[in-house]
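Please read the structure below before turning to the comments.
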Amino acid sequence: MSEFINNREQHSTNHTDRLTILRQLFKDLYNGKNIKEVKAHFDAFIGKVAVEEIAQLKHEEMLDNDLPAEEIQRLYSLHTEIFRDSIEETPRSKHPENEPGHPIHTFILENKEIDKLIKEKIQPHFELFIQDDSEENVYQLLEDCNLLLDIDKHYSRKENLIFPYLEKYGIYGPTNNMWRIDDFIRDSIKEAKQKLTNYDGDKQGVAGVINFIIQEVVNMIYREENILFPMALQNLTEDEWVKIARESDEIGFCLTCPAGEWKPERNEMSEKAIFDGFIKMETGQLSLKQLELLLNHLPVDITFIDHDDVVRYFSHGKERIFARTKAVIGRTVQNCHPPRSVHVVEDLLADFKSGRKDDEDFYIRFRDKYVYIRYFAVRDENGEYVGTLEFTQNIDPIQAINGEKRILL
């Protein structure tokens with residue numbers, strides 16, 4: 001089913017007003033208003049904020065690219081403080097992040113190791129360094145920074161594997177600003193290593209950069225687990241998570257490794273249903289090859305899901321309008337859509353299964369095409385629901401038809 005259907009989505013005036021207030025609060029921070037005053041206004045007028053609201057805030061519009069790095073970091077930290085303890089948990093029917101090997105499960109495992117490194121090594125060794133900047137204490141802190149630099153793999157997977165999919169769904173805030181803070185953290189760890197490797201007694205210089213690292217790494221864990229990861233889980237499809245999991249090995253992992261190989265459940269067809277020869281139907285018989293060629297030569301795209309909502313087939317013509325990959329076969333249609341639009345799919349299927357509807361049509365502009373999307377409830381001779389057929393066609397050429405063109409003169 002097409003992820004571009006949004007006819008059932010409604011955006012309330014109240015939602016628009018809340019976004020306007022949030023943008024104004026961020027502008028107040030940018031213009032130097034006291035954080036306590038801004039937070040008080042946030043609590044009074046917003047209270048709790050949903051991840052999807054944060055996703056719609058374009059932070060890059062509020063942060064001037066010409067600002068010094070320190071000011072960008074300061075403002076982004078203030079943004080985090082505004083949201084702290086005020087983010088609503090997004091209700092979801094499934095929690096794949098709890099499954100070993102899922103990319104988010106691995107990210108969270110890494111965050112636990114990063115937090116452990118900070119609390120059990122960096123902070124205690126930093127305190128010893130402040131008390132006595134002996135060669136031994138300098139060396140211990142340097143070794144801790146060497147370990148922490150492994151965080152680059154964690155950030156690189158996030159930036160190169162998750163961010164591109166968020167951008168696909170029009171979510172750019174994390175891409176532009178979280179990446180900047182990631183770079184600040186990387187640069188600070190390298191700076192700390194340099195200062196400690198060539199330590200010349202500048203204890204305050206080391207203290208400043210180590211304090212920054214501790215604060216920002218801890219804040220980044222909060223941003224990831226309370227904003228970024230829920231945002232990604234709400235928008236990315238299971239297929240996209242599978243691709244991320246497969247590509248993660250190329251970048252590597254930070255301080256730990258995945259707890260297992262993630263294999264999402266598939267509903268496979270029995271091999272007995274696939275055979276060589278002919279298929280006999282009520283009005284004729286075709287070989288499997290003939291049937292496949294016939295379906296692929298239709299001037300429309302079709303997809304069929306069975307009564308259990310499992311994708312069983314899609315045609316593969318030369319100019320398919322919406323891309324399909326073979327990975328969708330055997331998967332429930334709900335898992336082929338971003339979580340935020342699953343309810344639209346489920347509502348439509350519920351109408352078909354209950355008999356309230358037999359078909360539903362949508363029509364949208366998509367790239368250079370005018371696309372007509374039709375859904376049909378497929379029922380057997382007894383009227384029992386056996387699945388849903390999606391029928392998609394570019395109707396621009398049809399709308400351009402006028403007059404007559406006869407086969408016979």
Side-chain angles (χ1 to χ4, degrees), residues 29 54 59-60 63 65 67-84 103-104 106-127 129-130 138 140-164 166 172-198 202 204-229 231-232 248 251-256:
L29 289 174
I54 299 175
H59 295 257
E60 70 275 9
L63 294 182
N65 286 325
L67 285 174
E70 295 80 4
E71 181 64 5
I72 293 174
Q73 183 272 325
R74 184 188 72 84
L75 287 169
Y76 198 53
S77 293
L78 291 177
H79 293 177
T80 303
E81 288 308 307
I82 291 292
F83 293 135
R84 194 177 295 277
I104 297 299
T106 303
F107 274 117
I108 292 173
L109 280 183
E110 290 178 332
N111 277 342
K112 289 179 180 176
E113 291 301 315
I114 294 166
D115 188 62
K116 182 179 178 182
L117 174 61
I118 288 174
K119 289 179 178 176
E120 296 185 7
K121 288 191 174 183
I122 294 178
Q123 285 181 327
H125 292 164
F126 179 50
E127 291 172 6
F129 168 81
I130 293 298
V138 168
Q140 279 188 325
L141 204 51
L142 176 59
E143 285 298 295
D144 296 340
C145 288
N146 283 329
L147 287 173
L148 187 60
L149 195 57
D150 208 36
I151 206 169
D152 176 61
K153 297 171 188 172
H154 179 96
Y155 291 165
S156 291
R157 293 204 324 280
K158 173 177 67 176
E159 296 154 356
N160 293 289
L161 298 179
I162 292 183
F163 286 0
L166 289 178
Y172 294 92
T175 302
N176 290 286
N177 293 292
M178 194 174 280
W179 201 323
R180 285 194 240 185
I181 303 302
D182 289 347
D183 283 342
F184 293 159
I185 292 170
R186 289 182 179 103
D187 292 344
S188 296
I189 296 171
K190 292 173 185 175
E191 182 184 355
K193 282 186 60 181
Q194 184 178 24
K195 286 180 178 291
L196 290 165
T197 300
N198 305 299
D202 182 15
Q204 289 305 115
V206 172
V209 71
I210 295 294
N211 275 322
F212 174 85
I213 291 168
I214 292 172
Q215 175 185 325
E216 287 308 315
V217 168
V218 170
N219 280 345
M220 185 57 70
I221 291 173
Y222 177 85
R223 293 174 190 127
E224 287 179 352
E225 296 189 358
N226 292 274
I227 300 174
L228 178 68
F229 296 162
M231 193 182 292
S248 292
I251 297 174
F253 303 95
C254 168
L255 302 176
T256 187

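FYI, side chains are in, hydrogens and waters are out, and symmetry mates aren't considered; it's all heavy atoms of this structure. Residue numbers run from 1 in the order of the sequence given.
Between Asp183 and Tyr155, the closest side-chain pair of non-hydrogen atoms is not below 4.5 Å. Inter-residue side-chain proximity for Asn111 and Phe229 is flagged as met; some heavy-atom pair is nearer than 4.5 Å. For the pair Ile122/Leu147, no side-chain contact is recorded, criterion being any heavy-atom separation below 4.5 Å from C-beta on. Tyr222 places none of its side-chain heavy atoms less than 4.5 Å from the side chain of Val218. Annotation: side chain of Asn198 is in contact with side chain of Gln194 (closest heavy-atom distance under 4.5 Å).
In plain terms, the two heavy atoms of Ile162 and Ala232 that are nearest each other are CG2-CB, 4.1 Å. Of all non-hydrogen atoms in Lys193 and Asn146, the two that sit nearest each other are CE-OD1, 2.7 Å. Closest approach of Lys195 to Asp202, counting heavy atoms only: NZ-OD2, 3.9 Å. Closest non-hydrogen pair, Cys145 versus Leu196, comes out as SG-CD1, 4.1 Å.
Between the CG atom in Asp115 and the CD1 atom in Ile108 there is a gap of 13.0 Å [rounded to 0.5 Å]. Taking CD1 of Ile251 as the reference point, atom NZ of Lys158 lies at 12.0 Å (rounded to 0.5 Å). Rounding to the nearest 0.5 Å places CG of Leu149 at 6.5 Å from NZ of Lys190. Considering CG of Asp182 and CD of Glu224, their distance stands at 7.0 Å, rounded to 0.5 Å. Rounded to the nearest 0.5 angstrom, Asn160 CG and Trp179 CH2 are separated by 4.5 Å. Note that the CG atom of Leu141 and the CD1 atom of Ile210 stand 4.5 Å from one another [nearest 0.5 Å].
In this structure, His154 and Phe107 have perpendicular ring planes: the angle between them is above 60°, well past the 30° mark.
Residue Gln123 qualifies as enclosed at atom CD: its count of foreign heavy atoms under 6.0 Å is above 12.
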Before giving the answer on side-chain contact (heavy atoms from CB on, under 4.5 Å), spell out for Phe129 and Gln140 the whole-Å C-alpha distance, their side-chain angles and the decisive distance to 0.1 Å. CA-CA 9 Å; Phe129 168 81; Gln140 279 188 325; over 6 Å; no

Verdict with reasoning, Leu109 to Phe253, per side-chain contact (heavy atoms from CB on, under 4.5 Å): CA-CA 10 Å; Leu109 280 183; Phe253 303 95; over 6 Å; no

Go through the steps for Asp152 and Arg186 under the test salt bridge (Lys or Arg N to Asp or Glu O under 4.0 Å), then give the verdict. CA-CA 7 Å; Asp152 176 61; Arg186 289 182 179 103; 2.6 Å; yes

Evaluate Thr106 against Ser248 for side-chain contact (heavy atoms from CB on, under 4.5 Å), listing each step before the verdict. CA-CA 10 Å; Thr106 303; Ser248 292; over 6 Å; no

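Here the rule is side-chain contact (heavy atoms from CB on, under 4.5 Å) with Met220, and of Ile181, Leu228, Ile114 only Ile181 fits it. Just one of Arg157, Lys153, Lys116 meets the salt bridge (charged side-chain N to carboxylate O under 4.0 Å, His left out) condition when paired with Glu110; it is Arg157. Across Leu255, Ile185, Ile213, a single residue satisfies side-chain contact (heavy atoms from CB on, under 4.5 Å) together with Leu148, and that is Ile213.
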